[in-house]
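The structure appears right after this line, and notes come after that.
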Amino acid sequence: MVSFNNSITEKQYDINMLFVLFLFGVVSCFYIFYAQEMGQYNGDFYIQQMIFYVLGFAVAFTVLHFDFEYYLNLHWFLYGFGLFLLIALDIIGPHETIAPYTNGAVSWFQIPGIGSVQPSELMRIFLVLTLSAIIYRHNSRFREDRMLQTDLLLLGKMGAVVAPVIALLYRQPDMGSIMLIAAIVVALLIVSGMTYKILLPLIGGPLVAFLTFVFAFYQFPELVQRYLLSNLEGYQVDRINGWLNPFEYVDEGYQVLQAMTAIGSGQLYGNFDSSVYIPEAHTDFIFAVISSMHGFLGGAFVITLYFILLYQILMTSLRCHNAFGKYLCAGLIGMFSFQVFQNIGMGLGLLPVTGFTLPLLSYGGSSLVATMFALGMVMSVKYHSKSYFFEAQKE
């Protein structure tokens, strides 16, 4: 019996994902239009969001034609570029016009004629690329003789790449981006094939520490205040108090209380005449606007769209025969799922307010274009993936 295999590349556009992204664009512009009617800010944000979506689709369509395997050679250049932007932001800021101090952090470049650009948005994607390439090459090298020592070596490589980014983000400070990078790292560690002897303490340790802190905050508030919160910055303490005890710390928990009130006012079908004021309605708390306007059904529809999008990325990963493509999709699933979970969770009072935008729905050019760039890479994985045929012939 003689067996052989061959492969061809099927150039297929991901029509389903493009349609879902189109739906996100319609939903985003519709609710941003409703949010701007609240009069919090002046400007036609929904028109600008339409322009951002046109630009985002152009970026995604361009990126999907670029073979994702080329990133194996380009990822260091992209990582270096992202690191350069973060270093430049740290050196220049705070600056009144170029890198202003906004909302307690220096996280944005103000570019005349373009607007605000957040380097961390791009750096997250470049990290996914670089970490995926590191895991791919490491596993290819140690495929036959993998052991605890080689897994520790992989962990060291990933840590060396992530550490300078975390340090620069901490200086801004941007704890939200640090949390998001941690989610990316966890997602990639899970699919890297690393032994549970490393994964269990590495992932379980911080989770247990987090749950222990929440428990101690309610059961031993004086000890937490004396030994933990006293070592943090004032704005960090305010955010923790506003998250875990918003009804007592009304000023610190104002955003959470208003978002929860707006979501509750929507009930099942929504309330078009809601007079609840929602801070940052068109950006961080767009989900509260959706739930206020169309109630539980509107919120459930949006969450369903996210599940469909994440399912499509997952299926792209599973059907890809290239391990690098699988890692790339896994890292982006970790990034998007955590960002969605965090944004909706903070609006419901379940998680602390971190300034995360809701991907594809919140207003913002740099966030939207970066997200479409990442999804363009996912569509590139499907567009350039090879199909394998296995046949057997009897002699």
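The two residues Val378 and Cys329 make their nearest non-hydrogen contact at CG1-SG, 4.3 Å.
For Gln118 and Ser107, the side-chain atoms include no donor-acceptor pair closer than 3.5 Å. At a cut-off of 3.5 Å, with distance as the only test, no side-chain donor of Thr283 or Ser362 sits close to an acceptor on the other residue.
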Enumerate donor-acceptor pairs with a distance under 3.5 Å from any side-chain N or O in residues 18-33 to protein atoms, sequence neighbours excluded.
| from | atom 1 | to | atom 2 | distance (Å) |
| --- | --- | --- | --- | --- |
| Ser28 | OG | Gln49 | NE2 | 3.0 |
| Ser28 | OG | Leu361 | O | 2.8 |
| Tyr31 | OH | His294 | ND1 | 2.5 |

Pairs under 3.5 angstrom only: tabulate donor-acceptor contacts from the side chains of residues 187-210 to other protein residues two or more places apart or in another chain.
| from | atom 1 | to | atom 2 | distance (Å) |
| --- | --- | --- | --- | --- |
| Ser192 | OG | Leu189 | O | 2.7 |
| Ser192 | OG | Met194 | N | 3.4 |
| Thr195 | OG1 | Lys197 | N | 3.3 |

Can I get a per-line list of side-chain donor-acceptor pairs under 3.5 Å for residues 254-263, giving both atom names and the distance, sequence neighbours left out?
| from | atom 1 | to | atom 2 | distance (Å) |
| --- | --- | --- | --- | --- |
| Gln258 | NE2 | Tyr277 | O | 2.8 |
| Thr261 | OG1 | Leu257 | O | 2.7 |

Identify every side-chain donor-acceptor pair in residues 304-316 under 3.5 Å, counting partners at least two apart or on other chains, and give the distances.
| from | atom 1 | to | atom 2 | distance (Å) |
| --- | --- | --- | --- | --- |
| Thr304 | OG1 | Ala300 | O | 2.7 |
| Tyr306 | OH | Pro359 | O | 2.3 |
| Gln312 | NE2 | Asn16 | O | 3.4 |
| Thr316 | OG1 | Gln312 | O | 2.9 |

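Among residue pairs with one or both ends in residues 115-134, those qualifying as salt bridge (charged side-chain N to carboxylate O under 4.0 Å, His left out) are Glu121-Arg124; sequence neighbours excluded. For the side-chain hydrogen bond (donor to acceptor under 3.5 Å, both in side chains) condition, the pairs that include at least one residue of residues 148-159, sequence neighbours left out, are His138-Lys157, Arg146-Asp151.
Partners of Leu78 according to the side-chain contact (heavy atoms from CB on, under 4.5 Å) rule, which considers only residues two or more places apart in sequence or in another chain, are Tyr71, Phe126, Leu129. Residues passing the side-chain contact (heavy atoms from CB on, under 4.5 Å) test with Pro173, sequence neighbours excluded: Ala105, Tyr235. The side chain to side chain donor-acceptor pair (under 3.5 Å) test applied to Asp44 returns no partner, not counting sequence neighbours. For Gln48, the side chain to side chain donor-acceptor pair (under 3.5 Å) partners two or more places apart in sequence, or in a different chain, are Tyr363. Not counting sequence neighbours, the partners of Phe215 by the side-chain contact (heavy atoms from CB on, under 4.5 Å) test are Gln219, Phe220. Scored by the salt bridge (charged side-chain N to carboxylate O under 4.0 Å, His left out) test, Arg171 finds Asp90 as partners (sequence neighbours excluded).
The shortest side-chain heavy-atom distance between Pro119 and Phe81 does not fall under the 4.5 Å cut-off.
Relative ring orientation between Trp76 and Tyr79 is described as perpendicular, the plane-to-plane angle rising above 60° on a 0-90° scale split at 30° and 60°. Using bins of under 30°, 30° to 60° and over 60° for the plane-to-plane angle, the ring pair Phe57/Tyr53 lands in the tilted bin.
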